[in-house]
Amino acid sequence: MQKLLDIQNLRVTFPIGGKEYPAVDGLSFHLNRGETLGIVGESGCGKTVTALSLLRLVESPGKIAEGKAIYYGDSPEGVDLLALSEEKMREVRGNKIAMIFQEPMTSLNPVFTVGDQIMEAIQLHQKVGKAEAQNRAIEVLKKVRIPDAERRINDYPHQMSGGMRQRVMIAMALSCQPDILIADEPSTALDVTIQAQILELIQDLIVEMKMSVLLITHDLGVVAQVCDRVMVMYAGMKVEEAPVRRLFHMPKHPYTIGLLQAIPPLFDEKGKELYSIKGTVPDLSHLPEGCRFSDRCPRVVEGCHSKVPLLKYVGEGQEVRCINY
Amino acid sequence: MTENSTTQPHYWSLLLRQFNRSWLNRIGLWIIIFTALVAIIAPLLANGEPVYLKHQNKTYFPILQTLWPIKMLKLYPELAGADYKQWEKEGAEVRYTFVPYSPNDYDLNSILLPPTRAHFLGTDEQGRDVLSRMIYGSRISLSVGLVAVTLYTVIGIFFGALAGYFGGTTDMLISRLIEIMICFPTFFLILTLLAILGPSIYYIMLVIGFTGWTGIARLVRGEFLKLRDQDFVTACRSEGMKTRRIILRHILPNSLAPVLVSATFGIASAILIESSLSFLGFGVQPPTPSWGDLLSQSRDFIDIAWWLTIFPGLAIFLTITSYNLVGEGLRDVIDPKLRVN
């Protein structure tokens, strides 16, 4: 497998009351060419911040404190995205690495037609005329299976449904044929049938365009359907990583096990309460001592509170950060 | 091609439809359009030079001498100082526009005449036609409103956009500057500045422009604060757009609706300020007519010549009311809480 993106020791901090707190703390992972990596975790685990920091779009006052993100798309020796000049970075955004967002209802500019917006994205990175840009926009809208693309190109976002808008967002992201697609909960805001369609579409496009995808979600069902590999994050740290089958069959970390148990089963006795992990993700400024999951963990032992456990390789591409292994 | 049932009208045409629902809004808009037209075609409405003249078997169109840019050609040097009334008596054929007087044509034989066939709105103490002076006065009043408001809208958008988008220290500095500007009693500031600079219509435009931008700046700042965190702005950045492009092309058009409302009210108040200043003698210099100036001149004759006061006063009142009506209408239309479908 050829590495396309290699993130090393990424640390993103936010100031709270004058002190810097890490939303992402010492995160390392990689994305192989043509692979789909899922990043899973509850809200507030640092998934979105991780994605935004790869494009260096973390909103001030948050900042990338340290780390590297080596991108091997242009040259075998790679470039560090976090050290690029702002101008070079703009050439990467949308062109090499594109992103789609959670909220299709607000991710499009309400005052321009969708065609204008896709054409703008194309013309930002490619020297093409208006007519050619329009042709490509129609082409890419067809690719995301928007019926009657020649006409829908003149629609304003408010004339489209949520699913349609998400297709437009995907079309925009694909318009420059990026190497990497970052999809931040692309189906969360949609209703279930549309979710399925959008996921299917993304899956087809991955194969068709040979893209590498970073899929952020809190829905393990989505992970099972789309991903090759999964990384589970908790409170800014990687707690477990494994190939997708392995994760579902042999989850190690108590947090992963909890997440899997919290999936509503299709057939179950009526009236049985659905499992949930007690508590919530800790506040950045009130992280527990030692293992960050220790205050919610059902398998907590004495050593858990003393220091953060190291990531441990447990075979077959699986890593886990837990004192019990 | 079949009709696409999902196609909805564009945002602005929706607003227009909503706006047209109220007859007050429509009246306001029509008065604004009417006054604007009058101001634009003033020389075609009121002109002392005839449209058509046939004198000693030669045909002239003397009105052309007064129209820019044709007047540069100096078409009829032989007509300089011509007495059309005399020629008419001698048998020349003369046709005038709607009001056959230029604003500064005085006639000491017909001073302070009440409204008649010859002078629809009467004459003033120098025998000048009031309607003609009002028609030309609309040019001054409306252009002050338009230029001053355009100027301060641009300044306001500039500062508001900077403060709202960048936040932090930039925002702090600009917000404090706005607060300082607001503390000045604007009208007296304008009076003082004009007293130093000297009365001139251009100074009025500039001074209103440079003192009036705070309201717009605050509005735009608020809109930018709201919009810059919207997903579509992050999406723009993730596509690799430059900050300038994001601000100008993507955020600004989304923040313009409330600015439009505020600017409409602004035009009304700028016209009022100009009228007040002219009334106080700081405005345009005689004999150039402006509505405020006409009112001011009429003071001495208010007990014997009511028409000198009523008509310019009415013009100011109607114009300002219509701008306020339209502003109010626009504000209701863009307020989603009041929207009816």
Side-chain angles (χ1 to χ4, degrees), chain A residues 48 51-52 54-61 86-113 116-118 120-125 148 150-152 154-161 164 169 172-173 175-176 178 182 184 189, chain B residues 1-18 163-172 223-260 334 336 339 341:
Chain A
T48 300
L52 288 175
L54 295 184
L55 285 171
R56 295 230 312 260
L57 291 177
V58 179
E59 292 282 348
S60 164
E86 184 58 26
E87 202 177 323
K88 283 261 162 45
M89 195 61 214
R90 272 203 301 272
E91 285 168 24
V92 173
R93 290 180 197 138
N95 195 19
K96 305 285 182 196
I97 306 179
M99 188 159 174
I100 45 182
F101 295 86
Q102 183 172 353
E103 268 298 336
M105 304 311 270
T106 56
S107 298
L108 289 165
N109 189 337
V111 304
F112 294 116
T113 63
D116 282 341
Q117 296 184 54
I118 300 174
E120 188 180 15
I122 292 171
Q123 286 183 307
L124 267 180
H125 296 294
D148 210 3
E150 289 88 350
R151 207 122 62 83
R152 295 312 292 252
N154 296 317
D155 278 4
Y156 286 87
H158 70 92
Q159 292 167 261
M160 294 186 147
S161 64
M164 278 295 178
M169 286 306 295
M172 250 164 109
S175 61
C176 292
I182 302 176
D184 187 1
Chain B
M1 247 207 273
T2 52
E3 188 59 42
N4 186 350
S5 59
T6 61
T7 299
Q8 288 172 19
H10 184 221
Y11 176 67
W12 292 101
S13 66
L14 257 169
L15 291 194
L16 190 68
R17 196 190 297 167
Q18 195 79 13
Y165 188 85
F166 292 106
T169 320
T170 323
D171 182 24
M172 206 275 286
E223 287 291 310
F224 267 64
L225 278 177
K226 187 180 80 190
L227 289 166
R228 70 154 184 211
D229 289 333
Q230 297 241 317
D231 290 344
F232 77 83
V233 176
T234 317
C236 284
R237 299 209 295 148
S238 81
E239 280 161 32
M241 259 179 240
K242 286 183 184 165
T243 307
R244 196 180 53 202
R245 189 186 183 91
I246 296 175
I247 291 180
L248 291 179
R249 196 175 137 83
H250 287 269
I251 306 186
L252 192 56
N254 277 292
S255 63
L256 281 186
V259 171
L260 191 66
I334 64 163
R339 187 162 304 157
N341 278 314

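Order of the sequence lines fixes the chain letters, A, B, ..., with proteins taken first and strands second; residue numbering starts at 1 for each chain.
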> Looking only at heavy atoms, which of residues 93-101 of chain A get nearer than 4.5 Å to chain B?
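From residues 93-101 of chain A, the residues near chain B are A:R93, A:G94, A:I97, A:M99, A:F101.
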> Quick check on A:M160 against chain B: is it the side chain, the backbone, both or neither that has a heavy atom closer than 4.5 Å?
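Contact with chain B is absent: no heavy atom of A:M160 under 4.5 Å.
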> What part of A:L55 lies closer than 4.5 angstrom to a heavy atom of chain B: side chain, backbone, both or neither?
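For A:L55, the contact with chain B is made by the side chain alone.
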> Below 4.5 Å, heavy-atom pairs only: which of A:H125, A:M105, A:E120, A:E86 has the largest tally toward chain B?
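Answer, by heavy-atom pair count under 4.5 Å with chain B: A:E120.
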> On a heavy-atom basis, which atom in A:A121 and which in B:E239 lie closest, and how many Å separate them?
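Distance-wise, the nearest heavy atoms are CB-OE1, 3.8 Å.
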> Using modelled atom types only, decide if a donor and an acceptor are shared between the side chain of A:N109 and the backbone of B:H250 within a distance under 3.5 Å.
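Such a contact is found between A:N109 side chain and B:H250 backbone.
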> Could you go step by step and tell me if B:T234 and A:L52 meet the side-chain contact (heavy atoms from CB on, under 4.5 Å) rule?
CA-CA 9 Å; B:T234 317; A:L52 288 175; 4.3 Å; yes
> Can you name the nearest heavy-atom pair linking B:A235 to A:S107, along with the distance?
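Nearest heavy atoms, B:A235 then A:S107: CB-O, 3.8 Å.
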> Let me know if A:M172 has heavy atoms under 4.5 Å from chain B in its side chain, its backbone, both or neither.
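Contact with chain B: side chain only.
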> Report the option among A:Q117, A:E103, A:E91 that has the most heavy-atom pairs separated by less than 4.5 Å from atoms of chain B.
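It is A:E103.
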> Please report the shortest heavy-atom distance between B:P253 and A:V111, naming the atom on each side.
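Nearest heavy atoms, B:P253 then A:V111: CB-CG2, 3.8 Å.
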> Any idea which of A:L108, A:I182, A:V92, A:T113 has the most non-hydrogen atom pairs under 4.5 angstrom with chain B?
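Highest number of heavy-atom pairs under 4.5 Å: A:L108.
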> Decide if atom CD of A:E87 counts as having more than 12 heavy atoms of other residues, nucleotides or ligands within a radius under 6.0 Å.
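Open: at most 12 neighbouring heavy atoms sit under 6.0 Å from CD of A:E87.
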> Is B:R237 salt-bridged to A:E59, going by a charged N under 4.0 Å from an acidic O?
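Yes, this pair counts.
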